[in-house]
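Working notes, structure below.
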There are 2 protein chains.
Amino acid sequence: MSVTIKDIAKLAGVSHTTVSRALNDSPLINPETKERIKAIAGSMNYTPNYSARSLVLDRSYNLGLFFSTLHSGTSAGFLYEAIKGVNDVIKDQYNLIVRGIDDYKSYHNVNRKSFDGLIVMSQSRSDQSFIEYATDKEIPLIVLNRQVDGNRVMNLVPDDQSGAFKVVEHLIVHGHRRIAIIEGKTGFKSTQARRDGYLQALSRYGVAIQDGFAERGDYDFESGYAAMSRLLKLEDGPTAVFCSNDDMAVGAIKAITNHGLRVPEDISVVGFDDDLFSGFMTPALTTVRRPIEEMSRAGAVKLLSFIEKKEVERSTVFFNTELVVRDSVQTISGGQ
Amino acid sequence: MSVTIKDIAKLAGVSHTTVSRALNDSPLINPETKERIKAIAGSMNYTPNYSARSLVLDRSYNLGLFFSTLHSGTSAGFLYEAIKGVNDVIKDQYNLIVRGIDDYKSYHNVNRKSFDGLIVMSQSRSDQSFIEYATDKEIPLIVLNRQVDGNRVMNLVPDDQSGAFKVVEHLIVHGHRRIAIIEGKTGFKSTQARRDGYLQALSRYGVAIQDGFAERGDYDFESGYAAMSRLLKLEDGPTAVFCSNDDMAVGAIKAITNHGLRVPEDISVVGFDDDLFSGFMTPALTTVRRPIEEMSRAGAVKLLSFIEKKEVERSTVFFNTELVVRDSVQTISGGQ
DNA sequence: GTGAAAGCGCTAACAG
DNA sequence: CTGTTAGCGCTTTCAC
């Protein structure tokens, strides 16, 4: 059996209460006994039983980092940056539990007792029921990435629409008028926001929307490839394509190349997300940077202060996206 | 306050003991009372307090998925596939805790009480001390990816060396004799295994090793770019480059392109890992597939049976890698 | 089949 | 400054 505070108490000739207090740095304890007890604890290789502590303190020391889904629509880079961001912030004391919300058959095991707090990386409205569930249960919650309807949670989101606007504007400024879009996964809020940014830019600059220039994708490489292949069959095809994320942009570029055309000489391609590889592919991708890691870090900080100081701040904070200009856009003189 | 078995007991007019037994499907309980109690529990929206259960059962329901490091040398795809693999297997009952081993200031909080089991995704010998620590503490443990010295743990590893051999052999068969290597992060076991495979292929085919053809990288895009840039300064440069992972291959290709040369027409490039994007980049990358997700899944299954049935199997299982031929290698007639 | 009682390891009044 | 006592919610003898 492992060593408990009672074992230490026996050896130190004090009560187990004193041991508990000493180990928790209570100011009530004589500094010398405190040191003595800590020394003994150390030499006995004592580790606290967190289950016991959790039971009495009513804290689990578990933090959840939940994604809408882990199976599709979540890019590896996204997951990576989010985990890194959160793990950087939380202390040794907390456990970070990573899950896809759609992996849960029932939310039953998600409750105040099991989680001190929750970070939801929301990509789709499909997790709305989960967010409501957590709010109901009064689990400290922070929602990242997607703006939640109703605004009753702490919400950190990138400004996807203005990001999309910027990158499409970039295309227009470089002379493009025939600009297609490959959209993201249906039902994802980001899909809609990026489409809106695209449309907003076109309309702001008085660029006509062409028939057949809107293709559906679902945020993975394959779908970008497939969507671009369809675009390439068009009689009067686009001179530029806005892909709703970088993964699809990679797929689109592949399709263009396989078709015997070049990027950006024949067709310009831009993406969204600024994935880790985007600067290193050929051609380097012009895209929009979403500050996932910063957002995750900020979210974790807010969550901890929520948990520890009980300060709740039910507001939506927007994080700026940033246009990253690289080599996948060609300046053209024509126009339509 | 949340509802406990005592509340249910009161309402059902039985003792809390009976409630506990009913909820745990004890065969001792009258089927009718069992149903009645379950119904009441359901209607009261009862959820068990895991801390309490953990305390008495001496199980935490926590599983750890630990990486050597989350900060460098771990590619996003690697993390992604590992998490997916493990999460697919573990039941709703377990929490999956994801961490970088180097994030722990002390391993103190990692113990039998806090973790029912551990999966270590080992990339470097730097986590050897952690593995020994966990073994000492008798925490059910399974080590993935790196073959551990001493062979005293359950160990699932890809056969990196033979994978590297295959892809370098592929280069040789296609006429290449001047083959450079960009190595992985120093100290990683995979770095060594892949270098060994490279050397083995050269020596098997009697290909000479050239001075200055071995460059050091550290598994990220930037380092691949930098290493390739150095290679490009060589007077009599390589016709082909074996990059120890795909990320670095992307960086290398970028360097080549920026240098005004083409892949594969001027220089052939191969990678290792078969990252998610590798088939979709241009040119599509010839590489070696490492079955991370399958390995993770298999590891999780083994770990659970270890935990639940106490069956330990201290053996090393090798997972086959697979040569994935795509478009980044040119057949050349010459030789040196 | 069911209940009474004990105890897992810890913290927190309360008393001194 | 320290100890006594109780209790967190649950499972598990042991008795009936």
Side-chain angles (χ1 to χ4, degrees), chain A residues 1-38 40-41 44-62 93 108-109 111-116 137 308, chain B residues 1-38 40-41 44-62 93 108-109 111-116 137 308:
Chain A
M1 235 19 244
S2 41
V3 8
T4 73
I5 50 171
K6 283 187 187 167
D7 301 326
I8 300 174
K10 221 168 287 170
L11 240 147
V14 295
S15 78
H16 72 279
T17 312
T18 302
V19 175
S20 169
R21 285 199 267 248
L23 262 22
N24 286 308
D25 261 331
S26 156
L28 302 172
I29 301 288
N30 182 318
E32 281 141 41
T33 26
K34 193 185 282 188
E35 279 322 305
R36 199 162 55 85
I37 289 172
K38 282 188 177 181
I40 296 177
M44 294 181 80
N45 232 312
Y46 167 78
T47 55
N49 182 320
Y50 273 82
S51 301
R53 180 181 284 177
S54 291
L55 180 57
V56 52
L57 254 32
D58 206 22
R59 321 255 270 87
S60 64
Y61 300 102
N62 285 162
Q93 245 184 348
H108 223 232
N109 288 334
N111 51 61
R112 258 203 102 94
K113 303 269 182 239
S114 298
F115 291 93
D116 288 350
K137 289 257 177 180
E308 275 154 20
Chain B
M1 231 24 239
S2 42
V3 11
T4 72
I5 49 172
K6 283 187 189 170
D7 301 326
I8 300 174
K10 222 169 287 170
L11 241 147
V14 294
S15 76
H16 73 279
T17 312
T18 303
V19 174
S20 168
R21 285 199 267 246
L23 262 22
N24 287 307
D25 262 331
S26 156
L28 302 173
I29 301 289
N30 182 319
E32 281 140 40
T33 27
K34 192 185 284 186
E35 278 323 306
R36 198 163 56 84
I37 289 172
K38 283 188 175 180
I40 296 177
M44 294 182 80
N45 233 312
Y46 168 78
T47 54
N49 182 320
Y50 273 82
S51 300
R53 181 182 284 178
S54 291
L55 179 57
V56 50
L57 253 33
D58 207 21
R59 319 254 270 88
S60 63
Y61 300 102
N62 285 163
Q93 243 184 351
H108 224 230
N109 288 334
N111 51 61
R112 257 202 102 93
K113 303 267 183 242
S114 298
F115 291 92
D116 289 350
K137 288 258 177 180
E308 277 155 19

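Below, all heavy atoms of this structure are taken into account, side chains as well, without hydrogens, waters or symmetry copies. Every value quoted in this text rests on a predicted model; they were computed, and no experiment measured them. A, B, ... follow the sequence lines: proteins, then strands. Residue 1 opens every chain.
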Does A:Thr17 have a side-chain nitrogen or oxygen under 4.0 Å from the phosphate oxygens OP1 or OP2 of D:dT2?
->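 Result: no.
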According to a strict under-4.0 Å criterion, is A:Arg53 in side-chain N/O contact with OP1 or OP2 of C:dG9?
->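 It does not, given that no N or O in the side chain of A:Arg53 lies less than 4.0 Å from OP1 or OP2 of C:dG9.
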Identify whether any heavy atom of A:Tyr50 sits under 4.0 Å from a base atom; if not, whether one sits that close to sugar-phosphate; answer base, sugar-phosphate or nothing.
->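 Since no nucleic acid heavy atom lies under 4.0 Å of A:Tyr50, the category is nothing.
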Determine the contact category for A:Thr4: base if any of its heavy atoms lies under 4.0 Å from a base atom, sugar-phosphate if only primed atoms, P, OP1 or OP2 are that close, otherwise nothing.
->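 Sugar-phosphate contact only.
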Side-chain donor-acceptor pairs under 3.5 Å in residues 6-13 of chain A, sequence neighbours left out?
| residue | atom | partner | partner atom | Å |
| --- | --- | --- | --- | --- |
| A:Asp7 | OD2 | A:Thr4 | N | 2.9 |

Closest to side chain of [X], choosing from [options]:
{"X": "B:Ile5", "options": "D:dC10, D:dT2, C:dC10", "result": "D:dC10"}
{"X": "A:Val56", "options": "D:dT12, D:dG7, D:dT11", "result": "D:dG7"}
{"X": "B:Thr18", "options": "D:dC8, C:dT2, D:dT11", "result": "C:dT2"}
{"X": "A:Leu55", "options": "C:dG9, C:dC10, C:dG3", "result": "C:dG9"}

Atom-pair distance ([atom1] on [X]; [atom2] on [N]), nearest Å:
{"X": "B:Asn49", "N": "D:dG7", "atom1": "CG", "atom2": "P", "result": "18 Å"}
{"X": "A:Lys34", "N": "D:dC1", "atom1": "NZ", "atom2": "C1'", "result": "11 Å"}
{"X": "A:Lys6", "N": "D:dT5", "atom1": "NZ", "atom2": "C1'", "result": "12 Å"}
{"X": "A:Ile8", "N": "C:dT11", "atom1": "CD1", "atom2": "C1'", "result": "15 Å"}
{"X": "A:Lys10", "N": "D:dG3", "atom1": "NZ", "atom2": "P", "result": "15 Å"}
{"X": "B:Tyr61", "N": "D:dC10", "atom1": "OH", "atom2": "C1'", "result": "11 Å"}
{"X": "A:Arg59", "N": "C:dC10", "atom1": "CZ", "atom2": "P", "result": "17 Å"}
{"X": "A:His16", "N": "D:dA6", "atom1": "NE2", "atom2": "P", "result": "12 Å"}

Name all pairs fulfilling the side-chain hydrogen bond (donor to acceptor under 3.5 Å, both in side chains) condition that reach into residues 19-36 of chain B, sequence neighbours left out, sorted by first residue then second.
->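 For residues 19-36 of chain B: B:Asp25-B:Lys38.
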Are the side chains of [Y] and [X] in contact, using a 4.5 Å heavy-atom criterion?
{"X": "B:Asn62", "Y": "A:Asn62", "result": "yes"}
{"X": "A:Tyr46", "Y": "A:Ile5", "result": "yes"}
{"X": "B:Asp58", "Y": "B:Lys113", "result": "yes"}

Taking only residues two or more places apart in sequence, or in another chain, which ones meet A:Ser51 in a side chain to side chain donor-acceptor pair (under 3.5 Å)?
->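 A:Ser51 satisfies side chain to side chain donor-acceptor pair (under 3.5 Å) with no other residue.
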What pairs with A:Asp116 under side chain to side chain donor-acceptor pair (under 3.5 Å), at least two apart in sequence or on another chain?
->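 A:Asp116 satisfies side chain to side chain donor-acceptor pair (under 3.5 Å) with A:Arg59, A:Ser60 once adjacent residues are dropped.
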Residues B:Asn109 and A:Tyr50: side-chain donor-acceptor under 3.5 angstrom =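 B:Asn109 vs A:Tyr50: donor-acceptor pair found between side chains.
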Bend angle of the helix from C:dG1-D:dC16 to C:dG16-D:dC1 from five-pair axes at both ends, rounded to 10°?
->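 It works out to 40° between the end axes.
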Pairwise 5' ranking along DNA chain D for A:Val14 and B:Ala52, keeping only the more 5' one |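 It is A:Val14 whose nearest nucleotide is closer to the 5' end.
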Which of these, B:Ile37, B:Ile40, B:Ile29, sits in a side chain to side chain contact (heavy atoms under 4.5 Å, CB included) with B:Val19?
->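 Considering B:Ile37, B:Ile40, B:Ile29, a side chain to side chain contact (heavy atoms under 4.5 Å, CB included) with B:Val19 is found only for B:Ile37.
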Output the residues of residues 21-33 of chain A in contact with DNA chain C, where contact means a heavy atom of the residue under 4.0 Å from an atom of the strand; sort by number or write none.
->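 The stretch gives A:Arg21, A:Asn24 as the residues lying under 4.0 Å from the strand, ordered by number.
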Distance, nearest 0.5 Å, that separates CG of A:Asn49 from OG of A:Ser54 |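 It is 8.5 Å, given to the nearest 0.5 Å.
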